[in-house]
4 protein chains.
Amino acid sequence: MIVKSDALTARGRRTRETLVRAGREAFDEHGYEAVRVDDVCARAGVSHGTFYTYFASKEALFREVAAAVVGEMFAASVVGPAASGDPYARIEAANRLYLRAWSANSRLVRMLEQAATAEEGLRELLLELREVFVRRGADGLRRLQEQGLADPALDPRLTAIMLGGMVEHFARVWLDLGEPADERAAVDLLTRLWARAIGLTPASTSAEDT
Amino acid sequence: MIVKSDALTARGRRTRETLVRAGREAFDEHGYEAVRVDDVCARAGVSHGTFYTYFASKEALFREVAAAVVGEMFAASVVGPAASGDPYARIEAANRLYLRAWSANSRLVRMLEQAATAEEGLRELLLELREVFVRRGADGLRRLQEQGLADPALDPRLTAIMLGGMVEHFARVWLDLGEPADERAAVDLLTRLWARAIGLTPASTSAEDT
Amino acid sequence: MIVKSDALTARGRRTRETLVRAGREAFDEHGYEAVRVDDVCARAGVSHGTFYTYFASKEALFREVAAAVVGEMFAASVVGPAASGDPYARIEAANRLYLRAWSANSRLVRMLEQAATAEEGLRELLLELREVFVRRGADGLRRLQEQGLADPALDPRLTAIMLGGMVEHFARVWLDLGEPADERAAVDLLTRLWARAIGLTPASTSAEDT
Amino acid sequence: MIVKSDALTARGRRTRETLVRAGREAFDEHGYEAVRVDDVCARAGVSHGTFYTYFASKEALFREVAAAVVGEMFAASVVGPAASGDPYARIEAANRLYLRAWSANSRLVRMLEQAATAEEGLRELLLELREVFVRRGADGLRRLQEQGLADPALDPRLTAIMLGGMVEHFARVWLDLGEPADERAAVDLLTRLWARAIGLTPASTSAEDT
DNA sequence: AATGAATGAGAATTCATTCAT
DNA sequence: AATGAATGAATTCTCATTCAT
């Protein structure tokens, strides 16, 4: 007798949101397996009977949390046309956003990866998330290639996957494994490596040096 | 009650090895949580009672499996002085090895990462594994810098982490998420990006082209 | 808090009746245990809260449903003086009514039997129901014995229980277990067996044959 | 990890049997729904973990109990050629056995009937049980008809169902609903009604009277 | 009268681990 | 060394019922 989100009173909506928030925190802190439904309920301050008023199972809650995370990351991935001019600056801005988005959610994304092995629906969500970032990277590279600013021999998609993976992976190592580094330095280096790797022509790169 | 590895009859050693092998396969296929001790025993063809003759717990078995995996990856990470001459070729060889080593064990390494969150001992093992690869990468880069073949401004350790992460991460996406690509093309592109990123001077790079 | 039936507005009476009807259908289709209060409410189109405005518990609803069923069966058990004349024809008419009454409600009666084990009140209801049919059968037999048409050695009550049970039981086997038979043939045979069993004298029986 | 019955040590077999016995008693006393797995375990003196070593679920235990009951009833239904000669005496003997067999298991059989509604496998078991008794009755009648001792116009199967139902149903009313009667009188009357109903010719019937 | 959110006792089941043989 | 029966803590989920609005 799960109640759908759009058939709820204000109070119901509030409770539901509280549960999602509590679940997100709990999953993020302890991992999917380690979280018991009762933990989430305790954190949300409701009985576990109430939990099942809103979610059919722990997994259903996770799906909801995962969807929220993915949604936020989509939102965070938009560079905005502001940082316009300089290609190098654009890459830098994108990398900063990328690093932040993944840093903020790295544990949940990894849980999603893990859970995606078993759950069909989650797998799709994960692939979709990845695709958004890959496509963004690939499109950016293609544009630079068309402008004659990047090595035209590089396969845009594969390159985007690899360099995007470099950023994503660093987010993990940095935060989850505690590799010491400060954001500025990290973004600087990631950007430099990225730019060089795609052969961003000296013209723009040197702009920074002057 | 647990029998130490070196105080075993030949028969005992065989049983123990069978269990480790069975555990490794099971963990790799289904993940740590999803594997029951009984599954491992069934696969190894021994009773549950026997399991506890050799391992104090499921976790102890995992530790053993993880150690074996890490050992193999260490072994696999040695480039060998054979591919000597050309820096680019060395990087290429290293990338091929790197990619293969991580591909072969990506699921288990991820499980190790996950488990490391909770277990102190595993955390150390994981950091150690990572360190070996990072150091190898950093050392290689430092050597190139000393020879004037790579950008001396790059922090060797951070650069190695980032570029190594690129390879490691690609191994996951490629195998676990099924991104289509063939090894040759992948190694080629990874190497090209890596070389360019560290500013490997044309002199050597072009050596390949001629 | 429970509103009594006679202190209700027209609207309230309607809601209450809807619930009883919905409960009866649900119980009949799925059995007492399998029916959740929510199922009844959904079927009746009211909220669970409303249910408790009219019934103190699920069991209270069942009691009401059971009483209704028993009432209907009482009503159905009246042969009416119409089929007067011939004793055999009277038995046949009674058997037809008997078979129909039990057929129509066999599942609910069985649930009542089952529930009666635990609930004192229901036990009485059940015994009362049974008694009506037993008494009717016994009275009929006694009359025939007095008229010299049936074996005077038979204990009227016990005989009525046994022959009545034959009809009742056949209703179950026929409908619930799907033993194929058509009503006409079944009533014919039941009547023939019944008449012969009580030694209904040829005089009347043969009346049918001529 | 349910262990099959034939792969058990003596101790295991003993435990399993204890559980079946405990389950049978519990079901008989309280009904399927009212019995918790823990009740059975407590009665058997084992932990509930042990229960699941032998049975996959409460339902699986019930299936086993039901099969045992049906087996016993099959065994009990054999009249044996001893009571040979007199048809009336044979019917009487059969009725006594019939009444006893159903009396001894009436609650469990009713539970089986109830459960059969939901479970396919149980339904078959029930139908099989019924069929054995029906066939036995039908065969007996057919033989009498061939010998010219019973009304040849009666459909053997339908008649057996009806008269068998009379006995079966009486067993319920007698034991479960507490209708007072002693076995001798009940068997006498059931037999007299049965014999008369099928038109068992006076020749044999009167044999009893002399 | 009606609603529907909240409750929590209760039941089934899993599985790592122990221990007698 | 090996076996496998026994254990019980832990966890998920259900559903009748209460109560504030």
Side-chain angles (χ1 to χ4, degrees), chain A residues 1 3 7-16 33 35-39 41 45-59, chain B residues 1 3 8-9 11-16 33 35-41 45-61, chain C residues 1 3 8-9 11-16 33-41 45-61, chain D residues 1 3 7-16 33-39 41 45-59:
Chain A
M1 279 291 159
V3 186
L8 286 175
T9 62
R11 186 187 179 195
R13 196 148 40 237
R14 224 181 309 127
T15 304
R16 190 190 166 87
E33 300 285 353
V35 169
R36 280 161 301 139
V37 170
D38 272 2
D39 296 337
C41 294
V46 302
S47 76
H48 69 273
T50 297
F51 178 90
Y52 289 96
T53 303
Y54 297 101
F55 301 98
S57 63
K58 179 174 139 182
E59 191 202 305
Chain B
M1 274 297 167
V3 186
L8 287 175
T9 64
R11 183 188 181 194
R13 195 149 40 239
R14 224 180 313 125
T15 305
R16 190 189 167 85
E33 299 284 354
V35 169
R36 281 161 300 146
V37 172
D38 266 6
D39 296 336
V40 177
C41 294
V46 303
S47 72
H48 356 336
T50 298
F51 179 89
Y52 289 92
T53 303
Y54 297 101
F55 301 96
S57 64
K58 177 176 151 183
E59 193 201 305
L61 173 64
Chain C
M1 274 293 168
V3 186
L8 286 176
T9 64
R11 183 191 180 191
R13 194 149 42 240
R14 225 179 311 127
T15 305
R16 190 188 166 87
E33 299 285 353
V35 168
R36 282 161 301 148
V37 171
D38 267 6
D39 296 336
V40 177
C41 294
V46 303
S47 72
H48 357 338
T50 298
F51 178 90
Y52 289 93
T53 303
Y54 296 101
F55 300 98
S57 64
K58 176 176 149 181
E59 192 201 305
L61 173 65
Chain D
M1 280 292 159
V3 185
L8 286 176
T9 63
R11 187 187 178 197
R13 197 149 38 238
R14 222 180 313 127
T15 305
R16 191 191 164 87
E33 300 285 353
V35 169
R36 281 160 300 139
V37 170
D38 271 2
D39 295 338
C41 294
V46 303
S47 78
H48 67 274
T50 297
F51 178 90
Y52 289 96
T53 302
Y54 297 101
F55 300 97
S57 64
K58 178 174 140 182
E59 191 202 305

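The sequence lines fix the lettering, A, B, ..., with proteins before strands; numbering per chain opens at 1.
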Quiz item: In whole angstrom, what separates A:Phe55's CZ from E:dA5's C1'?
Solution: 14 Å
Quiz prompt | Inter-residue atom distance D:His48.NE2 - D:Thr53.OG1, 0.5 Å rounding | solution = 10.5 Å
Self-check item: Distance in angstrom units between D:Arg13 CZ and F:dA5 P, rounded
Solution: 10 Å
Exercise. Round to a whole Å and report the spacing from CZ of C:Arg16 to P of E:dA2.
Key: 12 Å
Self-check item: Distance, rounded to the nearest Å, where C:Asp39 contributes CG and F:dA16 contributes C1'
Solution: 12 Å
Quiz prompt | Length of the line joining D:Arg36:CZ and F:dT14:C1', which is rounded to integer Å | solution = 16 Å
Quiz item: Which nucleotide in the list E:dT3, F:dT3, E:dT17 gets nearest to the side chain of B:Thr53?
Solution: F:dT3
Quiz item: Hey, which of these two, A:Arg11 or C:Glu33, hits DNA chain F nearer its 5' end, going by closest nucleotide?
Solution: C:Glu33
Self-check item: Any D:Ser47 side-chain nitrogen or oxygen under 4.0 Å from OP1 or OP2 of F:dT7
Solution: yes
Self-check item: A:Lys58 versus A:Val35, closest heavy-atom pair with distance
Solution: NZ-O, 2.8 Å
Quiz prompt | Rounded interatomic separation in angstrom, taking CZ from C:Phe51 and P from F:dT18 | solution = 11 Å
Exercise. Kindly say whether, by distance alone, the side chain of D:His48 makes a donor-acceptor pair under 3.5 Å with the base of F:dA9?
Key: yes
Quiz item: Counting only side-chain N and O atoms of C:Thr9, is one of them less than 4.0 Å from OP1 or OP2 of E:dA1?
Solution: yes
Exercise. Could you pick out which residue, D:Asp38 or D:Thr50, lies toward the 5' side of DNA chain E when each is mapped onto its nearest nucleotide?
Key: D:Asp38
Quiz prompt | Pairing nucleotide - F:dA6, Watson-Crick or G-U, each distance under 3.5 Å | solution = E:dT17
Exercise. Let me know the distance between CG of B:Leu61 and P of E:dT17, rounded to the nearest Å.
Key: 11 Å
Quiz prompt | Value in whole Å for how far the P atom of E:dT14 lies from NZ of B:Lys58 | solution = 15 Å
Practice problem: Using the closest heavy atom to pick a nucleotide of DNA chain E for each, name whichever of D:Val37 or B:Glu59 lands nearer the 5' end. | Solution: D:Val37
Practice problem: Could you tell me whether C:Val40 contacts a base, only the sugar-phosphate backbone, or nothing, with contacts defined as non-hydrogen atoms closer than 4.0 Å? | Solution: nothing
Self-check item: Distance below 4.0 Å between D:Tyr52 side-chain N/O and F:dA6 OP1 or OP2
Solution: no
Quiz prompt | Shortest non-hydrogen contact between A:Cys41 and A:Phe51, atoms and distance | solution = SG-CB, 3.5 Å
Quiz item: Using a cut-off of less than 4.0 Å, is there contact between a side-chain N or O of A:Tyr54 and OP1 or OP2 of E:dA6?
Solution: yes
Quiz item: Side chains of C:Ser47 and C:Thr50: is there a donor and an acceptor less than 3.5 Å apart?
Solution: yes
Exercise. Determine whether A:Tyr52 and A:Val37 make a side-chain contact, defined as any pair of heavy atoms from C-beta on separated by less than 4.5 Å.
Key: yes
Quiz item: Phosphate oxygens OP1/OP2 of F:dA2: is one of them under 4.0 Å from a side-chain N or O of B:Thr15?
Solution: yes
